[in-house]
Amino acid sequence: MAKGEEKALRPKRAIERRGLAITGACVLLVAVLVLTLIFMVASRGLATFTTDGTPFASFMTGTTWNPHQNDANGIPLVGALPMIAGSFSVTLLSCLIALPFALGSAIFVVEVNPTFGTRVFQPLTELLVGIPSVVFGLVGLRIIVPWTRSWAGGTGYGILSGSIVLAFMILPTVTSLSIDAIRAVPQSYRDGSYGLGCTRWQTIAHVVLPSASSGILTAVILGMTRAFGEALAVQMVVGNAAQIPTSLTTPAATLTSVITTSMGNEAMGTVYNDVLWSLALVLLIMSLVFILIIHIIGRKGAPRG
Amino acid sequence: MMAGHSTSMGVEDVNLYYGDFHALKDITLDMPANQITALIGPSGCGKSTLLRCLDRMNDRVQGCRVEGRITLGDEDIKDIDPYDLRRRVGMVFQHPNPFPLTIYENVVYGLRRQGRRPKSELDGVVESTLRRVGLWDEVKDKLKASGLSLSGGQQQRLCIARALAVDPEVLLMDEPTSALDPISTSLVEELASELAHDHTVVIVTHNMQQAARISNQTAFFYLGELVEVGPTAELFVRPKKKQTEDYLTGRFG
């Protein structure tokens, strides 16, 4: 009897073990991929400072980007500050442009007309997510760049055009996460406010939005992560001039736009190639910082309600 | 600031529909000033629905239609701006729902939304209302702490203070103790009796002992109809209708 039971169990145990092995291997593979990716970008990116002898400070604060040449001291001209400034400018500005629209439509969808919101508006924004970035870039080239040129003069390429294109791209992300955040505010808060004779807008401004603020902040930072990392659409409209941006409407460059423009043209192992990896490393670290911030907000915002 | 201007409420031939569902049928009921009216009955009998008609909270429910006349004093509440009405007819909910704000800001929330007021006035209201609900000694040293940091019973008393701060004439309580422990429950019950000195109190309750303990008048609802209403002592001792007796003796409900 006992022997028979053991026999019946054996194939089940084998299936259990096989399942564990297969799923475990998937986890391991993903973990290894992520770690090797970070290691690869880091090792190549650090070569600029270790083998090519560029001081870290002159990379982070230098304002001249001309990696083919050396300065008087024989140090390559690889100042990344223009691109770092460019990336942060388009990121912040695009969020500033997108946030009012995202927040406004999120409030409309949750508080004003939920039926229209879920039936029409949300599918529409999801459509926006699926549009490839090159299409956004093209629209930017055809419409936004000429528009900027029409009133600001110059070429029309620059941080403003890049930010507007990015704002369109991050709008669905920020909107749908803001909708989730506002929807998660307990109905009892609204009842409490209405019960005291407050109007809808007082309730939204003083109870709903403050309660949803950590979720909305998460939405903004996820939008920033996306804006910071977007390459193609920005490259098409930002002007690609590696200089410290002096105005929003003069050509500039971002970390991503310089990498995409130059990576294919520079041979492995050259200073130019190494320093592009350094730019990628800066991008990677910034993305990690964004994700870290989201986790911190999530943990602080969690014990509510 | 507690003016003590209590006003009676009345409903006359009120019918309420949620879409096609007829939730309240020909309800007529007087809720006299300075008294506690208890609404009892099994779940889904319409007692909470009726309560929410009194301050027009049902206006916010899609597909909800109210017919008939509801009065606050001599006024038809249809003629009162709903926001003014809800200031005059305060509500305490089933689950304590303080805002995620400080204790102080919870109390003055309604006042602040009515316009700017000097800080001294707000301070006075905070102290007097918190004293009134018996919370002052417990929280006076932590008015800047979050309202959510209080215990359930304290939160409910904070919600009552919040409702009192806008000086309502009527106080509606929707099963205010169903989420509370026995000690907090008795504190809230005492408070309700005390508040009836200068307010009209209408309380929905599942707890028949509670209705018996604190109310002056009890109305028994069943399937959207008002089966019987009368002075509490009379209704509990000598119910006139069979359904009331069955419910009170626990044969259903």
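Predicted model only: the values in this text are computed from it and were never measured. The sequence lines fix the lettering, A, B, ..., with proteins before strands; numbering per chain opens at 1.
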**Complete:** Ranked by heavy-atom pairs below 4.5 Å to chain A, first place among B:Arg86, B:Met91, B:Arg113, B:Glu105 goes to B:Arg113
**Atom CZ of A:Phe168: over 12 foreign heavy atoms under 6.0 Å** = no
**Message:** Tell me which of these, B:Gln94, B:Met57, B:Arg56, B:His95, has more heavy-atom pairs under 4.5 Å with chain A than the rest.
**Reply:** B:Met57
**Atom group of B:Arg162 that falls short of 4.5 Å from chain A, counting heavy atoms** = both
**Message:** Closer than 3.5 angstrom, by distance alone: can the side chain of B:Asn97 be matched with the main-chain N or O of A:Tyr189 as a donor-acceptor pair?
**Reply:** no
**Contacts of B:Asp181 that satisfy salt bridge (charged side-chain N to carboxylate O under 4.0 Å, His left out) - sequence neighbours left out** = none
**Request:** Answer whether the closest heavy-atom distance between the side chains of A:Ser188 and B:Phe93 falls below 4.5 Å.
**Result:** no
**Item:** Toward chain A, the part of B:Val89 with a non-hydrogen atom under 4.5 Å
**Value:** backbone
**Item:** Closest contact, heavy atoms only, A:Arg200 versus B:Tyr83
**Value:** N-OH, 4.4 Å
**Request:** Tell me the residues of residues 61-81 of chain B whose non-hydrogen atoms fall below 4.5 Å from those of chain A, in number order.
**Result:** B:Gln62
**Asked** Is it true that a side-chain atom of B:Arg87 and a backbone atom of A:Gly197 form a donor plus acceptor pair closer than 3.5 Å?
**Response** yes
**Prompt:** Can you name the closest pair of heavy atoms from A:Val207 and B:Tyr109 and give their distance?
**Reply:** CG2-OH, 3.1 Å
**Prompt:** Under a 4.5 Å heavy-atom cut-off, does chain A meet the side chain of B:Pro82, its backbone, both or neither?
**Reply:** neither
**More than 12 heavy atoms from other groups under 6.0 Å of CZ on A:Phe101** = no
**Test item: A:Ser193 and B:Phe99 side chains (from C-beta on) under 4.5 Å apart, heavy atoms** = yes
**Prompt:** Counting only heavy atoms not in A:Arg119, do more than 12 sit closer than 6.0 Å to its CZ atom?
**Reply:** no
